[in-house]
Protein chains: 2
Amino acid sequence: MEKKTEKKGASKRSKAPQNRPKHQQALVQAAAVLFRKQGYAATGTAEILKRSGAPRGSLYHYFPEGKEAIGAAALEAASKVASRTFRDLAANTESPADFVRAYATLLAGWMEKSDFTDGCPVATTVLETVPGSDIITPVARTSFQHWQRTIQDMLMSHGWHGGRARATATLVLSAFEGALIMARVEQSASPIHDTAEELAALLAG
Amino acid sequence: MEKKTEKKGASKRSKAPQNRPKHQQALVQAAAVLFRKQGYAATGTAEILKRSGAPRGSLYHYFPEGKEAIGAAALEAASKVASRTFRDLAANTESPADFVRAYATLLAGWMEKSDFTDGCPVATTVLETVPGSDIITPVARTSFQHWQRTIQDMLMSHGWHGGRARATATLVLSAFEGALIMARVEQSASPIHDTAEELAALLAG
DNA sequence: TTGATTATATAGACTGATCTGTATAACTTT
DNA sequence: AAAGTTATACAGATCAGTCTATATAATCAA
């Protein structure tokens, strides 16, 4: 079982530190996209490998706990992106009503661009793995709590008080979560805009 | 696939173990539970067979198009149950605000009873198969549209006007859909009640 | 500096289990 | 017998995960 021994290595022409965790990030990124679009169980490790360009060995090197660990990492990555979006949007809008409208526009554009094959990166995986997976469940929980808190803070910075802000933030999150599902099924951004307009009415009144 | 197997009708109403579509209904029922709890792709036909007690041959006899056809049938069955619940609830509540509170109580009890392993029977399958599956996609779309329309009618029967009733019904549906996901992740009925209370405030004001 | 040693990372063949779907035989009921 | 249903064996594909070998980096030895 001899293999070609390519001695071509050893050339350290570039000191670019590109070969450290070369494939780790690619794996998470690929998994995030695939899980989001087609679900957790329907996505095989082979597909993740192919899309990321990583070999099988790397997957189990970086994620000894296997597929579930990749799922958790993908959720974590997606969660951070969304949290940052929430914060940025909160900083650049003038009222809660503005905030939900702006976020709706963002989501709608995103869904349209993907031909309605995208959706919430957390929801898809969650419905297949929570509470079954001990690795994914806590990550998902933290993610939702973080989002909820970010929206709650946004409301409070506009004068809302604790208890009501908490419940309202939950409604906002629930509504967008559901609107993404409806948009996907109806292949239309309308549910997102309808939901946001009604939310805006509540937040303004 | 809907106009083929129902010619015998209710000619025989004996409770006796008559094996007409004996296994057909059991298959759909088993699939509905499993898809709802653990997802579409994660549920193998073997598991459906085992839970339903049907042999493999029956599955492909009643559903020649296989797993996707069972998925569509399960969605259809679940959709009808929910529609009926909506109508019954609408008939027995005195205002839209009452309606959402009553439905929240129903959902919360259901989730608690299942230890938060249940959820919306449509959402779970949808996120894995729409728009990929040509068999499931139209069923899911019809289901959501039917629900939306039922809630819209409820609102209009309380004096709401067309345009606003449409958008508000979408919000209500989205919010409950999302609240179920959050409840599952947080292993708590609070997101459902919080969401419903905020919705009630909007509907009352 | 050079050489040896260990740790990290890449690479893909391989495994046994499970997947969906098919084929065909054997009932059951009319 | 004929049609409708049940029953099981089977097939090819794919599944997640393990294995061994190799390559590159970092650390230590002289």
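Order of the sequence lines fixes the chain letters, A, B, ..., with proteins taken first and strands second; residue numbering starts at 1 for each chain. Please read these numbers as outputs of a predicted model, since none were measured by experiment.
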Extract from the structure each pairing of a protein N or O with an N or O of nucleotides 17-19 of chain D at less than 3.5 Å, listing the distance.
{"residue": "dG17(D)", "atom": "OP2", "partner": "Tyr60(A)", "partner atom": "OH", "Å": "3.2"}
{"residue": "dG17(D)", "atom": "OP2", "partner": "Lys67(A)", "partner atom": "N", "Å": "3.0"}
{"residue": "dG17(D)", "atom": "N7", "partner": "Arg56(A)", "partner atom": "NE", "Å": "2.9"}
{"residue": "dG17(D)", "atom": "N7", "partner": "Arg56(A)", "partner atom": "NH2", "Å": "2.8"}
{"residue": "dG17(D)", "atom": "O6", "partner": "Arg56(A)", "partner atom": "NE", "Å": "2.4"}

Between [N] atom [atom2] and [X] atom [atom1], what is the distance in whole Å?
{"X": "Leu27(B)", "N": "dA7(D)", "atom1": "CG", "atom2": "C1'", "result": "14 Å"}
{"X": "His61(B)", "N": "dG21(C)", "atom1": "NE2", "atom2": "C1'", "result": "16 Å"}
{"X": "Phe63(B)", "N": "dT22(C)", "atom1": "CZ", "atom2": "P", "result": "15 Å"}
{"X": "Tyr62(B)", "N": "dT22(C)", "atom1": "OH", "atom2": "P", "result": "18 Å"}
{"X": "Ile48(A)", "N": "dT14(D)", "atom1": "CD1", "atom2": "P", "result": "16 Å"}
{"X": "Ile70(B)", "N": "dC19(C)", "atom1": "CD1", "atom2": "C1'", "result": "15 Å"}
{"X": "Leu49(B)", "N": "dC19(C)", "atom1": "CG", "atom2": "P", "result": "11 Å"}
{"X": "Leu59(B)", "N": "dT6(D)", "atom1": "CG", "atom2": "P", "result": "11 Å"}

Worksheet item: For dT10(C), does OP1 or OP2 lie under 4.0 Å from any side-chain N or O of His23(A)?
Response: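 Result: yes.
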Worksheet item: Under the salt bridge (charged side-chain N to carboxylate O under 4.0 Å, His left out) test, which residues partner Arg184(A), sequence neighbours left out?
Response: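 So Arg184(A) forms no salt bridge (charged side-chain N to carboxylate O under 4.0 Å, His left out) with any residue.
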Practice prompt. Could you list the residues that satisfy salt bridge (charged side-chain N to carboxylate O under 4.0 Å, His left out) with Arg166(B), not counting sequence neighbours?
Written response: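 So Arg166(B) forms a salt bridge (charged side-chain N to carboxylate O under 4.0 Å, His left out) with Asp194(A).
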Worksheet item: Do Ser174(A) and Thr195(B) have a side chain donor and acceptor closer than 3.5 Å?
Response: yes
Discussion item. Checking Arg56(B) against Thr45(B): is there a side-chain donor and acceptor pair closer than 3.5 Å?
Written reply: yes
What pairs with [X] under side-chain contact (heavy atoms from CB on, under 4.5 Å), at least two apart in sequence or on another chain?
{"X": "Ala30(B)", "result": "Ile48(B), Arg51(B), Ser52(B)"}
{"X": "Pro55(B)", "result": "His23(B), Ser58(B)"}
{"X": "Gln38(B)", "result": "Leu34(B), Thr43(B), Glu47(B)"}

Distance-only donor-acceptor hits, side chain of residues 98-108 of chain A, under 3.5 Å, sequence neighbours excluded:
{"residue": "Arg101(A)", "atom": "NE", "partner": "Glu197(A)", "partner atom": "OE2", "Å": "3.1"}
{"residue": "Thr105(A)", "atom": "OG1", "partner": "Arg101(A)", "partner atom": "O", "Å": "3.0"}

Practice prompt. Identify which nucleotide among dG12(C), dA9(C), dT6(D) has an atom closest to any side-chain atom of Ser58(B), counting heavy atoms from C-beta outward.
Written response: dT6(D)
Discussion item. Could you work out, with ring pair (Phe, Tyr, Trp, His ring centres under 6.0 Å) as the rule, every residue matching Phe116(A), not counting sequence neighbours?
Written reply: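 For Phe116(A) there are no ring pair (Phe, Tyr, Trp, His ring centres under 6.0 Å) partners, ignoring immediate neighbours.
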Discussion item. Using a strict heavy-atom distance below 4.0 Å, which residues from residues 32-41 of chain A are in contact with DNA chain C?
Written reply: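 Contacts with DNA chain C under 4.0 Å: none.
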